Structure formats: C-alpha cells, structure tokens
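Okay, so here's the structure we're looking at.
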Amino acid sequence: LDLDGGPFAGWSPWPVHDDGVLLWVRLDRVGGEPPTRRPAVPARPARGASLAAVYTGTGACEPEDVVANRLDPWHGAWLHPYSFVDLAVRDVPDGAPADDGKDVLLVDVSFKVAGRIVVPVRAAFHAPDARTVVMRIVEGEGTGSVVETHATPLTPAGAGRPRTAVVEAVVAGSDRRGFAVARALAPLLRPAVRATAGRLWRDDLAYAERRHRLRAEGRFPG
Ligand SMILES: [Fe+2]
C-alpha cells in the first residue's frame, strides 16, 4: 500500500475468495489476463474430516518450470530418496486430448514415514490449468487426499530474472479411526507437514531454477 500520511488512503479493495484453505486475491489488470470470477479450486476431502497445511516458497524461475518439476513423475525417486521408494510410473497421457480434459499421470510410490516404515499409495497427477498441478491419492492410505500446487508469477511475463511463488496445499483425509485424533492434533501436525513439504521443495525449487537457467541459456531441449 502506498500511503502518503493523509487521513484517507484512497485505495479500493481487491476481490478476494476464501476457499477454506487458501485465500485468493484477484488482481484483475495486473496479471494481463482476463480474470475468472472465482479461482478453479480442485475437489478436496470434506473439511470436517481432513487436515490441511500450506507451504509457501519462492523460486528464481517461471511458473512453467515449477509445473514441469511437478509433472515429472520419475524425479521423486532420485531427487527425494529420503522420502520416496519403489516408484513406478503406471500410466502417462498418450498426447491425445482427453475426453474429460483431464490427462492423468499415474504413479505407484511408497512414502517413507520413519525408519523402514513406508506407506504405499497410487497417486494421480493432473494439471487443471497452466499453473496448477493436483496430485490425488487414488489407492492406499489416505485415498482422496490431495496436494495442490499453485505456481504464481511474481514478476511480469518475460522478466529477465523471474520469480515464482509456490503455494502448496496438502489436504489429507483418511477413513482410519486414528485420523480423528490426528485432526485434533492438527495444530501440532501442521508444522510437521509443512516441514516435509519444505524439505521436498528445497530440492524441487533447485530443479525448477536449474531448468530455467538452462532454458535462458538455450541449453534446454524443446
Ligand atoms: Fe519433487
């Protein structure tokens, strides 16, 4: 806000949307794109039966570099060996337009919880728009849980030194009886979920920033 010390600020409010997990501000002309009335929020587990945590980070890259990292299903095993094992890509879009507009990447992977304890799941990745990637657990522990990643440009298109915000909401649900207890412990668990996302994103942002550097130097294929 640009305040000049006068009694009235003279600003006008921006339209906002509170989706229960994320608060969206519509910047209208700033983005240089026609605004939508509401953000496209993917389906999430019911609020009363889920645990939500949000990670926010910033990278020296463009949104497409963040999305490219998120849509590279193979990288989890070699970039995050501390978190993922037994990763296998089961299905990738064939390049043809999908009937429902939802091309999906299917990945089987085990998430390391502690020591040798792992949780095997099947995850489906899709990109509902050019700056959003949604991962949904479709089989295994926490089926229906989503991790939605939003890449928001902080610099104008074509900026020499672009910066992009990564806002990632983890919305976890489970039918297990113990999950109600976990929900009650949400204030304690949230920092742990955020810390896990933060560790993964330290590596993922390095990936996205390197991809951007290679693109800027013309050394990236495609
Ligand atoms: Fe990653």
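Quick note: numbers below take in every heavy atom, side chains included, and nothing from hydrogens, waters or symmetry partners. Each ligand, and each atom within it, is numbered from 1 in the order the structure gives. All figures in this text were calculated on a predicted structure; none of them were measured in a lab.
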Only counting residues at least two apart or in another chain, list the ones meeting side-chain hydrogen bond (donor to acceptor under 3.5 Å, both in side chains) with His75.
->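 Once residues adjacent in sequence are excluded, the partners of His75 under the side-chain hydrogen bond (donor to acceptor under 3.5 Å, both in side chains) criterion are His80, Asp204.
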Return the orientation label for the Trp78 and Tyr207 ring planes: parallel under 30°, perpendicular over 60°, tilted otherwise.
-> parallel
Check [Y] with [X], please: is the shortest side-chain N to carboxylate O separation under 4.0 Å?
X: Arg131; Y: Asp129; result: no
X: Glu141; Y: Arg122; result: no
X: Glu168; Y: Arg70; result: yes

With Glu148, the side chain to side chain contact (heavy atoms under 4.5 Å, CB included) member among Val134, Val170, Val133, Val167 | Val134
Please report how many protein N/O/S atoms lie under 2.8 Å from the Fe ion (ligand 1).
->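 Excluding waters, the total comes to 4.
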